[in-house]
Each structure stands twice: as C-alpha cells, then as structure tokens.
Amino acid sequence: MHLTNKDIAHIFRSIAAAYLLTGVNRFRTIAYQKAADTVEQMTREVYDFWENGKLNEIEGIGPTISQHLDEHFKDPAHSYLTKQLQLVPSTVYELMKAPGIGPKKAFKLVSHFKLLDPSTVVREVKKLAEDDRISGLESFGRKSQDEIIESLEIFERRNGQNDRMSLPTAYAMSEQILQYLKKNPHVQHIDTLGSLRRMVATIGDIDIAVVADKKDAANIIEYFINYPQVLTIEGKGPEKASIITKGGWRVDLRVIEMRQYGSMLQYFTGSKAHNIKLREFALKKGYSLNEFGIKQVKDKNNISAFATEEKFYAFLGLQWVPPEIREGTDEIKLAAVKRLPDLIRLEDVKGEFHVHSSFNIEPSHDLGADTFGKMISLAKTLQYEYLGFSEHNPSQSGHSSAQIINLIKKKQSEIKKTALKNSFTCFNSLEVDISPDGSLAIPDEAIRYLDMMIVSIHSSFRMKKDEMTKRILKGLSYPKVKILGHPTGRLLSKREEIDADWDAIFAFAKEKNIALEINSWPERLDLPDMMAKTAIKNGNKLILGTDAHAAYQMNNMFYGVAVARRAWAMKSDIINTKSSEEIKKWIGA
DNA sequence: GCCGTTTTCGGCCCGACTGTTTTCAGTCG
C-alpha cells in the first residue's frame with residue numbers, strides 16, 4: 001500500500017514542526033506547511049503524479065521537495081524526509097494532532113517528561129495533567145493544564161471518526177443556527193460563509209458572519225454562546241466567538257458593522273489559499289488587506305471600508321470572484337484581466353438522464369420510488385425539456401437473456417406511451433453495471449431496444465489500477481454508451497475512489513463522445529471537483545445527474561451544479577444544458 | 001523552499017484570542 005495524500009500531508013506538516021523547533025529558516029518551514037496544505041486539498045493522489053513523472057506540476061511543491069518525495073517513494077527507510085522527521089521525537093507529531101497543542105507545547109511536554117512512545121503519549125500526557133504535574137512547568141499554568149485535558153479528551157473521542165460532514169448535513173446545521181441567531185433583535189443581517197459558501201464537498205466547520213452595530217456585538221456574542229446545542233465554548237472575544245456543538249462540530253461567528261461587511265464576507269469565505277494570494281496581489285499594489293478593509297501600506301491610517309464584496313474586489317481592480325472558485329489557483333490572475341469564466345448556473349440545466357423510476361424492471365440494485373409520470377411532472381416544474389430514465393439493469397442472476405430483453409422492451413413501450421401522454425421528451429436508458437471483466441450486465445441483443453446507456457461500477461471496487469482501467473475502457477466501448485456514471489465510485493467518508501488511469505479513461509471518453517458524469521448525490525459528488533476540472537481542461541464533456549431514486553431527489557441537481565462550478569465549468573462544458581434537439585443528435589436518436 | 005505581467009533574487013498574509021505574561025508567544029483560521 002503506497003502513501004496516501006493524507007500520509008504525505010502529515011509528513012510535510014511534521015517536518016515543518018521539526019524545522020520550527022530546530023530553528024530552520026522560517027520560510028523553509030512555511031514552504032513545508034504550504035506543501036502540506038496543497039496535498040491535503042488535492043483530489044488526485046500525489047503518488048499518481050509521481051508515477052507519471054509530474055510531481056513538478058503540483059503548485060507549492062518545487063524542485064527540492066519534489067526530489068525529496070521521489071527519493072522517499074523509492075526508499076522511504078533511508079530518505080531525506082525520514083531523516084528530517086527524526087530531528088524530533090515522533091511523539092511530538094502525535095500530540096500536535098490534538099486541537100490547541102502546537103509544536104512548541106508538544107515539544108516542551110515531550111522533552112520535559114521524556115515521552116517517547118507515540119502509541120501511549122496522549123494517555124500519558126492526559127494522566128500528567130490530571131495529576132497536576134504540568135501546571136508548574138514554565139509557560140504552562142493551571143488553565144493550560146485544564147485545556148490540555150479537555151483537548152486530549154476531544155482528540156480521543158474524535159480519533160478515527162469523521163472530521164468532516166457532508167454538504168447537506170452542514171447546510172441543515174447552519175440553517176438551525178441561523179434561525180436561532182435571527183431571533184436576536186440586534187442581528188441586522190446574517191450569512192453562512194467559509195467552505196459551505198464555496199460549496200466544498202465536505203465541510204469541517206461552520207462559519208457565520210453577522211451584521212450588527214458595534215454597541216450590540218457583545219450582546220450577540222453572548223447570545224451565540226448560549227445556543228442550546230453548545231457543548232463547549234472554544235473562544236469568546238468582543239467581536240468573535242467559537243463553540244463546539246453537542247455533535248462535536250465547530251462553529252465560528254464574527255460580528256461586524258454593515259459598512260465593513262464586504263471585507264468580512266471576503267475574508268471569512270476564504271479559502272485560505274485564495275486569501276493569501278489576494279493579499280500578495282494587493283501588496284504588490286501597495287495595499288494591505290484584512291477583514292475590516294483595505295489599508296495603504298505606506299499610510300496605515302488610510303483605510304477604506306467596503307459594504308459589499310463586489311466593491312472590495314473592484315477596488316483592487318478585480319472582477320468579483322465566484323466563491324466556488326476561490327481556491328487560490330488562477331482565479332486572481334484571471335480576475336485582474338477580467339477573464340474569469342462565465343460559470344454554469346442551475347437554470348442552465350435543461351434535463352437529466354440519471355433518474356430511477358418505479359417501473360419494475362426487476363433490477364440488480366435499488367428500484368426508484370416514483371412513477372415516470374410523477375418524475376416528469378417534477379421535471380416540468382424544474383423547466384426541463386427532457387428526462388432519460390436509467391433504472392439499474394435487470395439482475396443477471398434472476399433472469400435469462402430472453403427475460404431481460406422482454407423487460408427492456410416492455411419499458412420501452414411504456415416510456416413511449418408516457419412521453420406521448422405527457423407531451424414530454426423521454427429517453428429509454430438504463431444504468432448498466434460494468435462487470436469485473438469489463439463486460440456489460442445485459443445481453444448484447446438487448447442494447448437495440450435502448451436509446452442510450454449509463455455504465456457504472458457497482459462491485460469489485462478494489463481492483464488493481466491496470467485491471468480497473470481495462471475494465472472501464474471495455475465497458476465504455478459498447479454501442480450506445482453515452483455516460484460513465486459516478487466515475488470514481490467514491491462515497492464521501494465511506495468509500496475511497498477506485499484506482500484507475502484517469503488520463504486514459506478521459507482520453508477514450510473524449511474520443512467516443514461519452515460524457516463523464518458529475519453525480520449530484522450528496523454522498524457521491526463524483527466526479528470530484530478537481531478531477532472534473534482536469535477533465536474540462538482535457539476537452540471532455542460532462543453531464544450532471546442526480547441519481548434520484550425518488551422525484552424530490554431531482555432537486556439535488558443544485559449540488560452537481562456546485563461541483564461543476566468548482567470545476568470552472570461553463571454552460572458549454574455540460575451536455576445537459578443543451579436543448580432536446582441537440583441532445584437527440586448527441587445520442588444519435 | 002517557492003515563485004515571478006514591476007523580480008531568476010529577494011521577497012514571503014493578517015489579525016483575534018488565550019494564557020502567562022508586565023509586552024508577548026503560541027495557536028488558530
């Protein structure tokens with residue numbers, strides 16, 4: 001098993017800590033921290049980049065770290081990285097995983113008490129704190145000691161658990177907190193910011209900004225920390241506070257006056273990488289940015305305030321940057337020359353293909369809950385022009401070839417009738433399993449009764465990379481295959497992506513005019529945003545599907561659009577923004 | 001150690017909050 005991005009990020013972060021503690025040049029330290037941040041956020045494996053000799057394409061990883069990584073992949077036992085890690089005891093890195101304990105505190109504890117066993121160090125430190133043996137140490141006091149106990153308890157409880165939640169979970173949670181805060185009469189305006197506003201696939205914490213008069217800020221902070229779901233209060237000042245909810249999630253609140261709200265929106269939306277690049281960009285123009293406004297570097301008293309984000313960006317000579325692409329890649333450079341892409345919008349979507357009706361095709365996996373008619377009627381309210389019904393293929397074990405063909409024929413005629421009755425364009429599709437050997441799970445003779453197929457992997461997820469690649473390429477080579485469904489098979493926080501040669505698969509799909517799906521099911525969001533971005537760069541066409549197994553779930557399209565926007569997709573990159581006439585051409589119907 | 005539409009050398013984001021301190025270091029986002 002090779003090193004995952006998480007492992008590599010941990011190595012970089014640990015080396016940054018070791019450098020900090022041993023007094024290595026501060027900017028070398030920062031370089032490793034930056035590299036750790038980058039790797040942590042990547043959706044493709046660093047290992048794959050290395051295999052393809054493309055380590056140098058990763059921003060933030062330059063020639064030196066590339067070389068160290070190369071060496072480490074080849075011979076981890078004797079690599080430079082391993083040697084640097086040994087500069088300080090590994091127990092330091094273990095302790096640092098607990099919130100509130102950084103490199104300095106960890107190192108002091110480890111050296112003073114000679115703690116060298118990483119498997120027991122957390123328990124040992126907790127015991128020392130409980131026995132009141134830490135409060136006497138220099139720069140530690142009783143409060144820090146209590147804080148350590150609390151922090152290590154949180155760490156132990158969290159250990160091995162998910163530290164991120166899905167978008168809908170985060171939405172629901174932020175909605176509740178917003179409802180609560182809005183009851184405070186001093187709250188003039190409120191927004192959820194951070195990764196939730198940027199629509200990242202998984203959310204680590206909830207960030208909320210409130211507009212209020214300065215004199216009311218204290219009242220609001222007090223009100224916030226009395227939220228009924230509060231477990232602990234992480235911090236509390238005159239204008240910001242942090243709580244941990246009973247569910248174990250962190251919520252940050254900032255209170256600001258209306259005249260400065262634009263800069264706070266910008267600051268609190270992030271991402272961290274975007275903010276750093278934006279501040280670097282501003283510095284070159286002689287400005288210093290913070291959450292309260294823009295200062296002249298030469299005249300610190302000359303501060304401009306901004307009520308809106310648009311004005312904030314405009315002051316710097318930039319186009320307003322959509323939150324979904326504020327990830328610190330090229331967005332600032334392009335905003336400076338007014339060349340940001342016109343990202344796809346929800347209202348651009350004119351139909352979809354990945355919906356499962358209740359038509360009983362005796363499928364291999366879950367049947368949908370609603371009839372063709374019910375799904376069509378929702379599609380009409382969504383202003384769609386067409387729907388493709390893609391139930392799972394009939395189970396192979398329970399049916400002969402003839403029976404499968406009969407079921408598909410039956411569905412075909414049923415769909416024709418329904419389309420006529422509802423005056424709505426419908427396609428007879430199926431979501432067909434790609435078997436482990438790459439063959440499709442329906443007989444070849446059945447294909448002629450279909451308008452098109454989505455092909456997907458629903459079993460044997462852990463095949464070796466080259467076998468998996470062959471499997472998918474074979475699956476895609478059947479006639480009438482128009483969509484590769486949820487390509488990576490990931491389930492957020494549950495199942496890893498399959499291992500495959502995506503360059504080869506993307507190239508083949510492009511050649512065959514097959515669309516790669518962005519599956520909008522909130523647990524999937526698959527293709528992942530950054531892979532979708534790569535696909536678009538390669539010239540692939542994408543398609544948005546909800547995988548709805550009930551009509552109301554077609555409303556999840558919203559999440560797919562968010563992924564597409566994070567992938568910098570324009571309307572022209574997404575197949576199902578086309579009219580039904582163009583779609584018919586694409587399908588060859 | 002990284003990076004480049006004022007630079008291949010000389011810069012490198014910014015501030016809040018906390019605890020242990022009488023002015024600041026550590027941690028976090």
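Hydrogens, waters and symmetry mates are skipped; everything else that's a heavy atom, side chains included, is used. What you see is a predicted model; the values in this text were computed from it and never measured.
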Colleague: Touch check for A:Tyr267, heavy atoms < 4.0 angstrom, all strands: base, sugar-phosphate only, or nothing?
Modeller: base
Colleague: Between C1' on B:dC12 and CZ on A:Phe281, what's the gap in Å once rounded to a whole number?
Modeller: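 From A:Phe281 CZ to B:dC12 C1': 17 Å.
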Colleague: With heavy atoms under 4.0 Å as the rule, sort A:Gly270 into base, sugar-phosphate or nothing.
Modeller: nothing
Colleague: Ignoring backbone atoms, establish whether A:Lys284 has a side-chain N or O less than 4.0 Å from OP1 or OP2 of B:dT6.
Modeller: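 No, because none of the side-chain N or O atoms of A:Lys284 sits under 4.0 Å from OP1 or OP2 of B:dT6.
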Colleague: Under 4.0 Å between a side-chain N/O of A:Arg28 and OP1 or OP2 of B:dG1, yes or no?
Modeller: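 Yes, A:Arg28 has a side-chain N/O under 4.0 Å of OP1/OP2 on B:dG1.
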Colleague: If you measure from the ring centre of A:Phe27 to the centre of the six-membered ring in the base of B:dC12, is it under 5.5 Å, with the planes under 30° apart?
Modeller: yes
Colleague: Taking only N and O in the side chain of A:Ser288, is any of them less than 4.0 Å away from OP1 or OP2 of B:dC14?
Modeller: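 For B:dC14, OP1 or OP2 has a side-chain N or O of A:Ser288 closer than 4.0 Å.
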Colleague: Please tell me if A:Thr64 has a side-chain N or O lying less than 4.0 Å from either OP1 or OP2 of B:dC2.
Modeller: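 Yes, because at least one side-chain N or O of A:Thr64 sits under 4.0 Å from OP1 or OP2 of B:dC2.
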Colleague: Measure from the side-chain heavy atoms of A:Tyr80 and tell me the nearest of B:dG1, B:dG19, B:dA16.
Modeller: B:dG1
Colleague: Going by atom types alone, do A:Thr488 and A:Asp526 pair a side-chain donor with an acceptor below 3.5 Å?
Modeller: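 Yes.
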Colleague: What distance, rounded to whole Å, do you find between the two P atoms, one in B:dG15 and one in B:dT21?
Modeller: 27 Å
Colleague: Do the side-chain N or O atoms of A:Lys295 get closer than 4.0 angstrom to the phosphate oxygens (OP1, OP2) of B:dG15?
Modeller: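 The answer is yes; a side-chain N or O of A:Lys295 sits under 4.0 Å from OP1 or OP2.
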Colleague: Given the C1' atoms of B:dT8 and B:dG4, what is the spacing between them in whole Å?
Modeller: 8 Å
Colleague: Check this one for me: any side-chain N or O of A:Ser242 less than 4.0 Å away from OP1 or OP2 of B:dG29?
Modeller: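 For A:Ser242, the contact criterion (side-chain N or O under 4.0 Å from OP1 or OP2 of B:dG29) is not met.
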